[in-house]
Amino acid sequence: MSVSLQDVVVRRRGKTVLGPITLELPNAGFTMVIGPNGAGKTTLLKVLHGVERISSGSVSWSVPSQTAREGQAYVFQSPIMLRRSVRANLAYPLQLLGLNKADISARVTKWAARIGLSAALHFPAPRLSGGEQQKLALARALIRRPNTLFLDEPCANLDGSSIREIEEILREAVHAGTQIIMTTHHLGQARRLADHVVFLNNGQIEEQASAAPFFDAPSSVGASAFLNGDIVE
Amino acid sequence: MSVSLQDVVVRRRGKTVLGPITLELPNAGFTMVIGPNGAGKTTLLKVLHGVERISSGSVSWSVPSQTAREGQAYVFQSPIMLRRSVRANLAYPLQLLGLNKADISARVTKWAARIGLSAALHFPAPRLSGGEQQKLALARALIRRPNTLFLDEPCANLDGSSIREIEEILREAVHAGTQIIMTTHHLGQARRLADHVVFLNNGQIEEQASAAPFFDAPSSVGASAFLNGDIVE
Amino acid sequence: TLRLAVTTSFNNSGLSDVLLPAIHQDLGLEVRLLVVGTGQAIRLGQAGDVDAILVHSKVAEEAFVAAGYGVHRREIMYNDFIIVGPSADPARVGAAETVIDAFQRIAVNQSTFISRGDDSGTHKKELSLWSAAQQDPATFVFWYKSVGAGMGASLNSASAMDGYIMADRASWLNFGNKGNLKLLFAGDSKLFNQYAYLPVSPDRYAHVKARAAQVLENWLVSPRAKQIINSYKIGGEALFVFNARP
Amino acid sequence: MSEIWAGIAEAFRLIWSLDEDLIDITVRSLKVSLTALVIASMLALPFGTWLAIRRFRYRRFAISVLNALMGLPPVVVGLIVYLLLSRSGPFGVLGLLFTPTAMIIAQVIIISPLIASITHQAMRELWSEYHDLLISLNTSKRQRVGALIRDGRRTLLTAALAGFGRAIGEVGAIMIVGGNIDQVTRVLTTAIALETGKGDFALALGLGFILITLSLFVNLTIHALSRTESEGRW
Amino acid sequence: MSEIWAGIAEAFRLIWSLDEDLIDITVRSLKVSLTALVIASMLALPFGTWLAIRRFRYRRFAISVLNALMGLPPVVVGLIVYLLLSRSGPFGVLGLLFTPTAMIIAQVIIISPLIASITHQAMRELWSEYHDLLISLNTSKRQRVGALIRDGRRTLLTAALAGFGRAIGEVGAIMIVGGNIDQVTRVLTTAIALETGKGDFALALGLGFILITLSLFVNLTIHALSRTESEGRW
Ligand SMILES: Nc1ncnc2c1ncn2[C@@H]1O[C@H](COP(=O)(O)OP(=O)(O)OP(=O)(O)O)[C@@H](O)[C@H]1O
Ligand SMILES: Nc1ncnc2c1ncn2[C@@H]1O[C@H](COP(=O)(O)OP(=O)(O)OP(=O)(O)O)[C@@H](O)[C@H]1O
Ligand SMILES: [Mg+2]
Ligand SMILES: [Mg+2]
């Protein structure tokens with residue numbers, strides 16, 4: 001599904017947090033939203049997903065908005081854990097879809113194994129370690145097989161090998177046709193994954209381009225400063 | 001202040017989360033606690049700080065525990081924001097120390113500027129962006145000039161240039177005599193900063209060494225697997 | 001100021017609303033009324049929390065004086081009890097000759113009867129009438145409802161249940177929720193209801209305002225009080241008859 | 001003062017003698033209050049939760065009204081229920097006046113606003129935590145209320161227990177609609193009011209202590225069943 | 001039914017005529033209940049918060065007792081306060097019986113457990129959020145309670161309003177300790193009870209509606225002052 005924003009502005013407490021933004025996103029592959037802290041990345045993702053109220057402008061999906069929402073999943077920057085067991089957290093989106101018990105159970109088992117939490121199925125999710133929570137949130141988003149997936153810093157608290165595993169899972173999902181729109185501060189990760197890049201700064205889109213040209217030679221001043229400012233290892 | 005752990009074990013819900021650990025930490029510089037997700041890093045830091053109850057064993061600081069606690073500060077993995085303004089968040093630890101208003105005001109202004117939140121002084125802290133919250137938590141810890149500072153993934157949500165700024169601030173603090181004990185998943189950061197490394201896996205210390213030898217040639221199997229498993233950019 | 005504990009039936013009559021201003025006017029005395037159940041009124045007196053009580057339960061009053069809580073018992077006025085019931089009068093109480101007869105009719109017909117059931121003066125009177133009619137309320141079944149409440153609340157219950165009830169005339173006349181109820185029987189000398197005034201003994205409680213209580217007592221038995229009490233009417237009917245001996 | 005000791009002694013005596021009337025009254029108190037609690041909870045828990053998740057124009061006003069309703073004087077509720085259920089009232093034909101059912105109705109009206117208000121407050125917090133997730137998962141209003149009640153059940157306990165407390169100790173309304181009829185609608189509180197009126201303070205206090213014991217017992221049982229305190233949050 | 005309309009009409013008539021007695025009674029109701037609220041809040045808010053942060057052995061039991069105390073029957077509280085303040089009781093010399101002060105004392109006892117219990121529940125949540133930070137900052141128990149009350153003040157509003165509601169609508173206890181003396185201790189609820197006893201339902205209802213209006217007014221004012229709903233959480 002492709003999406004376009006028309007003059008979208010988000011104002012909060014008299015301050016313009018985002019916009020005005022006019023944007024057309026491709027309908028497949030990895031779109032990376034990057035930019036410094038407080039640039040408005042989280043706000044942009046939430047606007048696209050429809051959980052953040054916009055002050056003016058319009059967001060339109062190529063399909064009716066209800067259908068669009070049904071196919072989307074979102075992983076929030078700080079994971080939101082239901083106060084239930086790991087198992088119940090994974091099962092919840094499937095229960096909402098009305099799947100039968102056997103199906104749910106099978107998918108839950110599979111995903112718990114993929115994120116290495118098989119042994120913790122009956123453990124209260126809010127007590128997991130930071131990284132474990134992040135992985136669980138990701139699995140809970142993927143378990144419903146979304147066609148559009150929003151990820152807000154999904155790997156911030158993950159160790160190296162978990163990051164590799166997760167990236168593998170995400171690539172698979174994209175191959176299977178899922179569109180992923182994500183933010184990351186990990187420029188290495190952005191380079192590895194991105195098909196398309198949106199560079200946000202101060203609530204404005206400063207540059208939007210395909211990944212290869214962007215990383216090789218950003219055309220905006222802000223973006224090249226950002227890329228150079230980063231500590232490249 | 002140096003600290004030593006003697007056969008410390010933390011058990012929760014019948015599971016051994018940490019230990020048994022016997023450990024002596026140097027009393028200056030950067031100590032990096034690294035290890036995979038769920039290894040017990042957060043638990044170890046909290047035990048050292050004394051906010052996590054231990055099931056058996058003992059923790060002893062070279063000074064009386066009350067004095068030790070007074071000189072410590074902690075930045076939690078997911079930032080805990082007081083439901084107050086940015087200003088009030090920064091001022092709170094100073095108020096607890098009983099500083100006078102002018103002093104507090106001066107320090108608050110200085111630190112707000114250092115983390116780039118001068119314009120947001122009267123903004124409610126819980127509404128800040130993920131990265132801004134992390135920076136605020138860090139400033140709130142440093143503002144009391146602790147002699148020991150615990151940092152749990154302090155840069156997880158920060159952009160590249162913020163990381164560089166924060167690392168600079170931390171280096172300064174160490175120069176000024178603060179001892180820093182931190183966890184990070186960012187191996188590059190660990191390499192840049194660490195004087196001493198503790199490698200945790202499955203709740204156990206698998207290796208403990210000075211930074212240079214550790215990164216060059218880890219002696220334990222686990223640590224070398226961890227270092228290789230990481231995606232080195 | 002003087003604290004006087006009175007029963008609900010006295011207060012519900014509305015007489016206090018004309019007496020208190022007159023007392024204030026004549027004596028400059030502010031009387032504070034505590035409206036409670038008979039038993040509670042006596043307890044307030046026993047504890048020395050009021051300066052005098054005005055109740056209608058002779059046996060209890062005499063015990064109060066005998067135990068030294070009260071100085072003496074001064075009869076002030078009386079009114080009478082009446083039997084109120086549904087206007088259809090299924091037990092034909094209206095045709096009864098005496099109150100005993102009326103009670104027997106109710107029992108025989110097993111018509112709904114509401115009893116105060118709160119050990120108040122009214123309740124004790126009702127029990128004495130049942131025993132005079134050779135009936136034992138303990139053996140009564142579903143039709144006899146002991147509601148354990150003050151006069152007003154019991155009348156409300158009777159009104160809602162369309163039942164018979166024995167009430168004092170003053171409460172009845174002043175009652176605003178008559179519904180289907182009607183006065184069916186009155187006038188038997190057995191239904192006489194004497195109110196008495198009992199000052200609390202200053203020997204027992206030094207703090208009670210004995211002088212004020214005495215002043216009030218003198219006023220209550222005066223011709224002025226007689227005139228006010230006897231001329232207090234609701235709907236053209238007199239409620240109380242002054243009978244204090246000077 | 002000695003009366004208070006006498007009251008305690010009386011309470012023991014009553015419990016010890018296992019007086020049949022007492023058991024009858026106690027059981028009736030429990031039945032009425034627990035039934036009212038269950039009904040009120042079924043109405044107020046979802047309603048309070050719904051109020052926490054809905055944003056509408058007169059929301060602030062609606063919440064103020066709800067809070068104001070916590071102050072509904074029991075006597076007035078009793079009176080209104082009485083008028084509605086009385087023979088000449090609209091529901092007179094049902095013949096509910098002076099029955100335990102009438103008492104339950106009055107208590108439901110009295111405790112529902114209290115339960116709903118506490119629920120609303122408790123749920124706002126949880127909702128601000130769950131908000132983004134539940135909206136993102138495309139849940140219906142109904143499902144949101146369901147998820148909040150399920151996961152906030154421990155905090156809802158206080159709401160329910162406050163409601164129960166108010167119900168079991170209430171006397172003004174049930175006196176009017178129940179009539180305090182011996183063997184039919186007499187409960188602990190109305191019996192206490194009656195004994196107080198009679199001046200038998202020791203007995204009144206004795207019944208009062210029994211009521212408090214009962215209330216404590218119910219609280220301990222519910223706590224034990226729900227293991228509220230077992231392991232901190234969640 | 002028509003009685004209810006008559007009641008509403010009566011309420012308007014009373015308000016319209018600005019009856020002096022009515023104003024007197026209303027002001028007294030407000031004074032007594034608000035004073036009781038302030039005193040009870042000063043006791044119960046810190047206590048409930050303290051209970052949320054303390055872990056001790058009989059914690060679970062203590063909380064159950066607190067919850068059970070929410071069910072304290074007002075009549076019993078009234079009786080006990082009466083016995084204590086009575087001339088023959090231990091505090092008889094103070095001469096507080098049948099004064100507004102006595103009514104305030106009784107109401108404080110009745111509403112404190114309710115406020116403390118709701119506070120405790122509201123504060124547990126905030127404490128689980130602040131726990132690590134406040135412990136890490138080496139705060140004293142006192143400072144912790146202070147920080148929680150300060151930052152949780154919006155959620156404590158429900159606790160206070162529930163207490164106010166219970167106080168303003170209460171009649172059983174203040175009837176016994178206040179005595180419902182005209183011009184001295186008569187408040188709206190006792191006046192309502194009095195009129196109900198006289199069978200004057202229209203007047204009783206009228207006073208009831210005034211009481212509810214008053215309660216609504218207080219709630220709206222407090223909400224407005226604290227701007228609870230202004231901007232979601234924080
Ligand atoms: N409710 C609000 N009112 C006012 N300003 C807000 C509000 N919410 C967020 N902001 C501000 O808007 C800006 C953008 O926030 P956003 O969370 O989108 O940033 P971000 O790009 O995701 O940052 P990070 O990389 O730190 O997560 C921030 O400066 C933040 O403080
Ligand atoms: N209260 C608890 N009861 C049982 N297990 C717990 C509890 N708290 C944490 N754990 C488990 O202990 C392990 C170690 O947790 P900890 O938070 O210390 O990990 P960590 O090394 O900080 O991980 P991360 O890198 O993901 O932050 C995790 O597997 C976690 O699920
Ligand atoms: Mg963000
Ligand atoms: Mg951790």
Side-chain angles (χ1 to χ4, degrees), chain C residues 5 7-8 35-47 49 53 55 57 60 63-64 86 112-124 137-138 140-163 165 176-181, chain D residues 1-4 6-7 21 25 28 74-75 78-89 91-99 102-103 171-205 207:
Chain C
T7 63
T8 43
V35 182
V36 292
T38 305
Q40 203 178 345
I42 288 171
R43 290 299 304 265
L44 289 179
Q46 285 175 352
D49 291 322
I53 60 178
V55 291
S57 182
F64 183 77
T112 303
F113 183 92
I114 284 76
S115 165
R116 287 278 295 270
D118 63 350
D119 270 1
S120 60
T122 310
H123 182 223
K124 285 176 180 152
F140 292 164
V141 281
F142 64 92
W143 58 272
Y144 182 85
K145 318 259 192 206
S146 174
V147 297
M151 197 67 251
S154 302
L155 278 167
N156 279 329
S157 296
S159 162
M161 284 192 269
D162 243 1
I165 183 170
N177 179 34
K178 293 196 170 78
N180 200 24
L181 296 183
Chain D
M1 195 59 190
S2 63
E3 211 94 32
I4 295 178
D21 272 1
I25 291 178
R28 191 173 303 117
V75 185
L79 213 55
I80 293 177
V81 173
Y82 170 92
L83 291 172
L84 293 175
L85 296 184
S86 85
R87 283 289 155 73
S88 45
F91 303 107
V93 282
L94 301 177
L96 291 178
L97 199 61
F98 305 128
T99 64
M103 298 158 82
V171 62
I174 54 175
M175 191 75 145
I176 297 178
V177 301
N180 190 21
I181 300 171
D182 199 10
Q183 319 254 355
V184 183
T185 53
R186 181 159 302 163
V187 292
L188 278 169
T189 49
T190 57
I192 293 170
L194 175 63
E195 297 306 331
T196 305
K198 283 187 191 170
D200 192 345
F201 295 164
L203 183 52
L205 283 177
L207 291 169

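The chains referred to below are lettered A, B, ... by the order of the sequence lines, with proteins before strands, and numbering in each begins at 1. Note that this is a predicted model, so its numbers are computed, not measured.
More than 12 heavy atoms of other residues, nucleotides or ligands sit less than 6.0 Å from atom CZ of C:Phe140.
In terms of heavy atoms, C:Ser157 sits closest to D:Gly179 at OG-CA, 4.3 Å. D:Tyr82 and C:Asn177 make their closest contact through OH-ND2, 3.2 Å (heavy atoms, listed as atom of the first residue, atom of the second, distance).
Of residues 190-199 of chain D, those residues lying under 4.5 Å from chain C by any heavy-atom pair are D:Leu194, D:Thr196, D:Gly197, D:Lys198, D:Gly199.
The line from OG1 of C:Thr112 to CZ of D:Phe98 is 11.0 Å long, rounded to the nearest 0.5 Å.
Between chain D and the options C:Gly37, C:Ala153, C:Gly148, heavy-atom pairs under 4.5 Å are most frequent for C:Gly148.
For C:Val147, the parts lying under 4.5 angstrom from a heavy atom of chain D are both the backbone and the side chain. For D:Leu97, the part lying near chain C is the side chain, with the backbone staying farther off; criterion is any non-hydrogen pair under 4.5 Å.
A donor-acceptor pair under 3.5 Å is absent between the side-chain atoms of D:Asp182 and the main chain of C:Ser146, judged by distance alone.
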